[in-house]
Amino acid sequence: VITYNSLIDGYCRRGDIRSACLLMNKIRGTDPSKYKPDLVTFNVLFNGFCKMKMRTEVFVYMGLMWKCFLPNVVTCSTWIDMFCKLGDLDMAFRVFNDMRKDGLLPNLVVFTCLIDGYCKAGNLEVAFKLYEDMRQASLSPNVVTYATLIDGLCKRGKVEKAGCLFSRMLEDGVEPNSVAYTSMIDGYFKKGNVDDAMNYLSKMRDQGINLDVAAYGVIIAGLCNNGRLRLSTEIIEDMVRSGLNPD
RNA sequence: UCAAAGGUU
C-alpha cells in the first residue's frame, strides 16, 4: 500500500490526476484481501484534487472514504486548505468546526491553512484572531504561520505592522527563513521604500540565509520598478555567481 | 507513504 500511495502521490504531483485515479480504482477493484486503499491513499488523492481545484471530485471521494475511514487531521487540513484556496471560507470553517465536534484537535497546520485563507481574503482581523486562538490552544506558531501573517500584512500595504510582527517572531524564538524575508522585502519595494527593502536583504545575508530564486525575483523586480537598474544588474550577477538561473 | 507560507499580472 505504501508503494501504491507513493506512486499515486507522484502522479498527483506531476499533475497527472487521471493516472492517479486509475491506479486508485485499480487497487479498489482488486477486491480480495490483497490491497486496500488506506486513509493515506485518500489523503494523497484529496491533495491532488485540491491542487487542481477539483472540488466535485473531492466530494465524490469523500463519500467513498466515509464508507471505510474517518478523516484524520491531515485529511481535514487538506480539505480546509482547498476550500480556502477556492475562496470558500465558510466551508473551510465548517470543516474546522466539524473536526472539533468529532474530537479531532486542530494542529499547527490546520490553523496556518485557515490563517492563510483569511489573509488572502483580506480579513486580517479573523486571521489574527486565529493566531491568538492557536496560542490559547497551546500551539506554537512556527515560521510558516508567521510568514503567512507577515505576507498578509505586506500585501495590504501594512509593512510597518509586518515589521513589528517580524520582530515578535524573533522574540518568540522562531528563526526567520527566506520566505519571511522575501515577503518583507517585497512589501517595502511595493511601497517604494528601497532602503528598508535593502536593510532586510542585508539582515538576511548576515544571518547566512541563502537567497533562492523567488527572493532574487523580488529583489530584481523591486530594483527595476524603483529605477535602480544599475544595482539590479549587480544582483543578477550575484545570482548567476551563486549558481541559480533566472527563471 | 500524505497536509500549510513568498516572486512572475
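The sequence lines fix the lettering, A, B, ..., with proteins before strands; numbering per chain opens at 1. Just so we're clear, the structure is a prediction, and the values are computed from it rather than from any experiment.
- Residues from residues 60-73 of chain A lying near RNA chain B, meaning a heavy-atom separation below 4.0 Å, are absent.
- In terms of phosphate contacts, A:Arg13 brings no side-chain nitrogen or oxygen within less than 4.0 Å of OP1 or OP2 of B:U1.
- Considering only residues two or more places apart in sequence or on other chains, A:Arg28 meets the salt bridge (charged side-chain N to carboxylate O under 4.0 Å, His left out) condition with none of them.
- Every residue was checked against the side chain to side chain donor-acceptor pair (under 3.5 Å) condition with A:Asn97, not counting sequence neighbours, and none meets it.
- Residues passing the side chain to side chain donor-acceptor pair (under 3.5 Å) test with A:Asn193 are A:Asp196, sequence neighbours excluded.
- Going from atom CZ of A:Phe111 over to atom C1' of B:A3 covers 15 Å, rounded to whole Å.
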Checklist entry - Taking it one step at a time, do A:Tyr181 and A:Phe166 satisfy ring pair (Phe, Tyr, Trp, His ring centres under 6.0 Å)? => result CA-CA 9 Å; A:Tyr181 273 110; A:Phe166 194 95; 5.1 Å; yes
Checklist entry - With the sugar-phosphate defined as primed atoms, P, OP1 and OP2, and the base as all remaining atoms, what B/S/- string results for nucleotides 4-9 of chain B, 5' to 3', for protein heavy atoms under 4.0 Å? => result BBBBS-
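- Between the P atom of B:A3 and the CE atom of A:Met99 lies a distance of 16 Å, rounded to the nearest Å.
- As rounded to whole Å, 6 Å separates atom C1' of B:C2 from atom CG of A:Asn43.
- With sequence neighbours left out, the side chain to side chain contact (heavy atoms under 4.5 Å, CB included) criterion links A:Asn5 to A:Val1, A:Asp38, A:Val40, A:Thr41.
- As judged by a 4.0 angstrom heavy-atom cut-off over every strand, A:Val44 is placed among residues touching the sugar-phosphate backbone only.
- Take A:Tyr4 and apply the side chain to side chain contact (heavy atoms under 4.5 Å, CB included) test, not counting sequence neighbours, and it matches A:Leu23, A:Ile27, A:Tyr35.
- Every pair passing ring pair (Phe, Tyr, Trp, His ring centres under 6.0 Å) that includes a residue from residues 85-105 of chain A is listed here, sequence neighbours excluded: A:Phe93-A:Phe96, A:Phe96-A:Phe111.
- Within the structure, side-chain hydrogen bond (donor to acceptor under 3.5 Å, both in side chains) pairs that include any residue of residues 212-229 of chain A comprise A:Ser178-A:Asp212 (at least two apart or interchain).
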